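Worksheet: one structure, shown below.
Treat the numbers as computed from the prediction; the structure is a model and nothing was measured.
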Amino acid sequence: MRTTILLCSLAMVLGTGAVQAGEVQITWQDPEKFTDIRPANDSRKAFRERVIKKFDGFFNDMATQLPEGYKWEVTVTDVDLAGDVDYFISRNGNALRVVKDIYSPAIRFTHVLRDKHGEEVVSGEERLRDMGFMQSLRSANDNEEFRYEKQMLNNWFTKELQPKVEQYALALPKVSTN
């Protein structure tokens, strides 16, 4: 399954000065074989499609923070959602996703980020797991679906990818416009 998301800068649309926008292309490699993308009370296909759509949105949001013209290719190879589906927890037989700290979220993906000239900025295989996901601060009304996975990805992006993009920009030769 291949999902391509092209981004335009919201700042450009709104007419503000800040221009930040990257493009992300996401490939989902055999999502039906992922570690845990099981639904509680949904069909497997519908739930998988909902997960993919949400995660596409997470990567899309991160790509908007990349410099203009950057292209980011991501291949998601595994997802393990926070919690686990328990088929015996409810009295009426409905399965529920039970979130406990022993069921931490994880994701595996490969990626290549290229600048506006096609030069590789960074690439690699990422294996993220957030063992302390239950200790993170969140608001009392934070009920966003897949919030733990989103937080894990955002933390990685902020701590790992953005600094590499900034280092790359600093290492580029300075060109005079005179």
Side-chain angles (χ1 to χ4, degrees), residues 1-12 18-31 33-37 48 50-84 99-139 142 144-174:
M1 173 178 279
R2 171 169 249 148
T3 304
T4 303
I5 300 174
L6 302 177
L7 304 172
C8 67
S9 174
L10 185 59
M12 291 175 67
V19 176
Q20 291 271 59
E23 177 184 308
V24 64
Q25 178 180 327
I26 305 164
T27 303
W28 292 84
Q29 185 176 311
D30 300 323
K33 296 179 182 176
F34 286 178
T35 300
D36 176 17
I37 201 166
R48 185 171 48 241
R50 192 165 83 235
V51 169
I52 288 170
K53 183 176 180 180
K54 286 294 271 192
F55 276 70
D56 283 350
F58 299 158
F59 282 103
N60 181 348
D61 290 345
M62 290 183 285
T64 63
Q65 300 173 54
L66 295 170
E68 182 178 13
Y70 275 45
K71 292 181 179 18
W72 192 21
E73 298 169 12
V74 176
T75 300
V76 180
T77 56
D78 194 24
V79 172
D80 186 353
L81 298 174
D84 195 32
V99 178
K100 296 180 182 178
D101 55 2
I102 62 171
Y103 305 124
S104 58
I107 186 169
R108 287 178 33 186
F109 61 94
T110 59
H111 65 109
V112 177
L113 179 63
R114 299 185 187 282
D115 68 12
K116 62 184 175 184
H117 303 290
E119 297 293 322
E120 185 177 301
V121 176
V122 65
S123 66
E125 179 180 354
E126 306 300 331
R127 295 173 179 220
L128 309 181
R129 179 170 292 280
D130 186 359
M131 301 294 282
F133 75 104
M134 294 289 286
Q135 281 69 47
S136 63
L137 295 175
R138 63 178 208 261
S139 65
D142 185 4
E144 182 181 6
E145 191 171 33
F146 313 119
R147 66 183 168 273
Y148 301 116
E149 294 80 3
K150 179 180 181 179
Q151 185 63 47
M152 176 180 61
L153 284 166
N154 285 335
N155 287 342
W156 168 82
F157 185 82
T158 302
K159 293 176 184 172
E160 299 292 328
L161 191 65
Q162 280 185 326
K164 290 176 182 174
V165 170
E166 291 167 6
Q167 286 175 339
Y168 179 82
L170 291 173
L172 290 174
K174 304 301 179 220

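Listed for the Thr77 side chain is a donor-acceptor partner under 3.5 Å among the backbone atoms of Arg108. Looking only at distances, no side-chain donor or acceptor of Thr158 sits under 3.5 Å from a matching main-chain atom of Asn155.
Here the side chains of Val51 and Leu81 are in contact, with some heavy-atom distance below 4.5 Å. A heavy-atom distance below 4.5 Å is not found between the side chains of Val74 and Thr27. Within the 4.5 Å cutoff, no side-chain heavy atoms of Asp36 are placed close to those of Val79. For the pair Lys71 and Glu73, the minimum side-chain heavy-atom distance is 4.5 Å or more.
Atom OG in Ser104 sits 8.5 Å away from atom CE in Met152 (nearest 0.5 Å). Summarising the geometry, atom CG belonging to Leu161 is positioned 11.5 Å from atom CG belonging to Asn154; distances are rounded to the nearest 0.5 Å. Note that CH2 of Trp28 is 11.5 Å distant from CZ of Arg48, once rounded to the nearest 0.5 Å. Summarising the geometry, atom CZ belonging to Phe55 is positioned 10.5 Å from atom CD1 belonging to Ile26; distances are rounded to the nearest 0.5 Å. Going from atom CG of Asp115 over to atom CD of Glu68 covers 12.5 Å, rounded to the nearest 0.5 Å. Put simply, NZ on Lys53 and CZ on Phe58 are 12.5 Å apart, with the number rounded to the nearest 0.5 Å.
Between the side chains of Thr35 and Asp78, at least one donor N or O sits under 3.5 Å from an acceptor N or O.
Exactly one of Arg114, Met62, Glu23 qualifies for a side-chain contact (heavy atoms from CB on, under 4.5 Å) with Trp72. That residue is Met62.
Minimum interatomic distance between Leu66 and Tyr70 (heavy atoms only, all atoms of both residues): CB-CB, 4.3 Å. The minimum heavy-atom distance linking Val24 with Ala63 is given by the pair CB-CB, 3.9 Å. Nearest heavy-atom pair across Glu120 and Ser123 is OE2-OG, 2.9 Å. The heavy-atom pair separating Leu153 from Leu128 by the smallest distance is CD2-CD1, 3.9 Å.
A salt bridge does not link Glu145 to Arg147: none of the charged nitrogens lies less than 4.0 Å from a carboxylate oxygen. Salt bridge status for Asp80 with Arg129: present, with a side-chain N to carboxylate O gap under 4.0 Å. Residues Glu144 and Lys150 are paired through a salt bridge, judged by an N-O separation under 4.0 Å between the basic side chain and the carboxylate.
For Lys164, the salt bridge (Lys or Arg N to Asp or Glu O under 4.0 Å) test picks out no residue, with sequence neighbours left out. Residues passing the ring-ring contact (aromatic ring centres under 6.0 Å, His included) test with Phe109 are Phe59, His111, Trp156, sequence neighbours excluded. Applying the side chain to side chain contact (heavy atoms under 4.5 Å, CB included) test to Ala82 and every residue at least two apart in sequence or in another chain returns Pro105, Phe133, Tyr148, Glu149.
Taking a 6.0 Å sphere around NZ of Lys54, one finds it holds more than 12 heavy atoms contributed by other residues, nucleotides or ligands.
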Worksheet item: Between Tyr168 and Val122, is a side chain to side chain contact (heavy atoms under 4.5 Å, CB included) present by the stated rule, with each step listed?
Response: CA-CA 9 Å; Tyr168 179 82; Val122 65; over 6 Å; no
